[in-house]
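Worth saying up front: this structure is predicted, and the values here are computed from it rather than measured. We're numbering straight along the sequence, starting at 1.
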Amino acid sequence: MTITYLGHSAFKLKGKRGTVITDPYSQYVGFSLPSSSADMVVISHDHPDHSAASAIGGTARRAEPFIINQPGEYEIGGISVFGVPSFHDDSKGSERGKNTIFTIYLDEMRVCHLGDLGHELTTEQIEQIGPVDILMCPVGGVYSLDPEKAVKVIRSLEPSIVIPMHYKTDQHDESVFGEMEPLESFLKAMSVEVKPEAKLEIEKTNLPEETEVAVLVS
């Protein structure tokens, strides 16, 4: 599987059975989503920085990508997706609504995308998510997990690899995302130094035994 970071909370997962894109964003974030195509698009919640599915084109397999934006179990073209309900805040959704955590089973690996998760996971949610090989975790705070809570969630799921997302960059619209923490705050909370990579190429047999952080540049 090849994982490419498209910025914000958007990733492109390319496997043997197809391509999945997570949480495509609109210009609302302050920059443009790269031209992309996919067989499937998963959307954690209906906010403009996570739900721009119309920006994603189809592939040779599908004229238009299959859109998944609700909890449940799905299987499209041999790719399985499991959506677990959660919240966008720490007050059961009263501030920012609901959020869906998606686990994508592709190339014999379980890739979990937390969306804009705003709270620590319950025991029931951890059980519903199940084993995680690769975790995409928001770390910037304000609208989702801050660095310290992100570390707690990562430790509760024990993934082989964690990829941080949804943190402040120089490209983000300062008026909307200016209060978010930068990537460095999360790396400090994890007590790691990581060299950024353009993409992550990974197979089941190459997964590390202990959790490692992978930083992808968009």
Identified salt bridge (Lys or Arg N to Asp or Glu O under 4.0 Å) counterpart of K168 within the set E181, E174, E184: E174
Report yes if the side chains of [X] and [Y] come closer than 4.5 Å at any heavy-atom pair, otherwise no.
| X | Y | answer |
| --- | --- | --- |
| L187 | V213 | yes |
| V42 | Y74 | no |
| L183 | V215 | yes |
| V153 | L157 | yes |
| I21 | L6 | yes |
| I163 | C137 | no |
| V111 | T22 | no |
| C112 | L135 | yes |

Smallest separation among heavy atoms of M109 and I202, with atom names: CE-O, 3.3 Å
Tell me whether [X] at atom [atom1] has more than 12 heavy atoms from other residues, nucleotides or ligands lying less than 6.0 Å away.
| X | atom1 | value |
| --- | --- | --- |
| E120 | CD | yes |
| R155 | CZ | no |
| D170 | CG | no |
| Q128 | CD | yes |
| R17 | CZ | no |

Which Ile, Leu, Val, Met, Phe, Trp or Tyr residues join V217 in one cluster when any pair of side-chain heavy atoms under 4.5 Å counts as a link? none
Can you tell me if [X] uses its side chain to pair, donor with acceptor, with the backbone of [Y] under 3.5 Å?
| X | Y | result |
| --- | --- | --- |
| S156 | I154 | no |
| D107 | K16 | yes |
| N99 | L114 | yes |
| S160 | E209 | no |

Look at the rings of [X] and [Y] and say which category their plane angle falls in: under 30° parallel, 30 to 60° tilted, over 60° perpendicular.
| X | Y | value |
| --- | --- | --- |
| F87 | H119 | tilted |
| F11 | H113 | perpendicular |
| H166 | H8 | tilted |

Verify same cluster id: M40, Y105 (apolar side-chain graph, 4.5 Å): no
Membership question, hydrophobic clusters at under 4.5 Å side-chain separation (ILVMFWY): are F82 and I104 in the same one? no
What about Y143 and F177, are their ring centers closer than 6.0 Å? yes
Quick one: CD on Q27 to CG on D173, what's the gap to the nearest 0.5 Å? 9.5 Å
Just by distance, with hydrogens left out, do H50 and D23 show a side-chain donor and acceptor under 3.5 Å apart? yes
State, without any angle test, whether S86 and Q125 hold a side-chain donor-acceptor pair at a distance under 3.5 Å. no
In a check of side-chain contact (heavy atoms from CB on, under 4.5 Å) between F66 and each of D39, I76, V41, V20, which one passes? I76
Given the options H45, R96, M165, K98, D116 meets side-chain contact (heavy atoms from CB on, under 4.5 Å) only with H45
Do NZ/NE/NH1/NH2 and the carboxylate oxygens of E201 and K199 come within less than 4.0 Å? yes
Charged N-O contact under 4.0 Å between R110 and D133: no
Kindly write out the residues that satisfy ring pair (Phe, Tyr, Trp, His ring centres under 6.0 Å) with Y25, not counting sequence neighbours, or none if the list is empty. F31
